[in-house]
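A short worksheet on the structure shown next.
Count residues from 1 along the sequence. Remember, it's 1-based here, ligands and their atoms both numbered in the order they're listed.
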Amino acid sequence: MPGALPAGGYFTLANPSSKPVTLIAAQSPACGSLMLHMTHNMSGMVHMMPVEKVDVPAGGSFEFKPGGYHLMCMEPKALKPGTNIPVTLKFADGSTVTVSFAVKNATGK
Ligand SMILES: [Cu+2]
């Protein structure tokens, strides 16, 4: 990711448990702030909107992908393609999960 451009994060959130979970926030030491966003396409104009939460049904999964939901890394700090950054996902029940995100440039490398 060049310079200080915001970076998008895409992943699939799988919920193997028997209860629905709700993702409410994310943070990473590599980002000034990490926001939940969705992309929404209105008559050819692409907007991004912050979202407050993402529900994942019991036994289901939720896909964050280009053109849809994503994590937005604002004020990224020294993101280098080829490295990994830790991202902590926070859920409505108070639990957190820390996962590793691979940093890729705009061409997916
Ligand atoms: Cu965004």
Has Met35 got an N, O or S atom lying less than 2.8 Å from the Cu ion (ligand 1)?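 No.
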Taking the Cu ion (ligand 1) as the vertex, what is the angle from ND1 of His37 to SD of Met48, given to 10 degrees? 120°
Short question: side chain of Ser28, backbone of Pro86 - any donor-acceptor pair under 3.5 Å? yes
Validation row: Leu71, Leu36 side chains within 4.5 angstrom (heavy atoms): yes
Between Leu13 and Val21, is there a side-chain heavy-atom distance shorter than 4.5 Å? no
For N/O/S atoms only: which one belongs to His70 and is nearest the Cu ion (ligand 1)?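 Going by distance to the Cu ion (ligand 1), the closest N, O or S atom in His70 is NE2.
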Parallel, tilted or perpendicular: rings of Phe64 and Phe11 (30°, 60°):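 It falls in the parallel class, under 30°.
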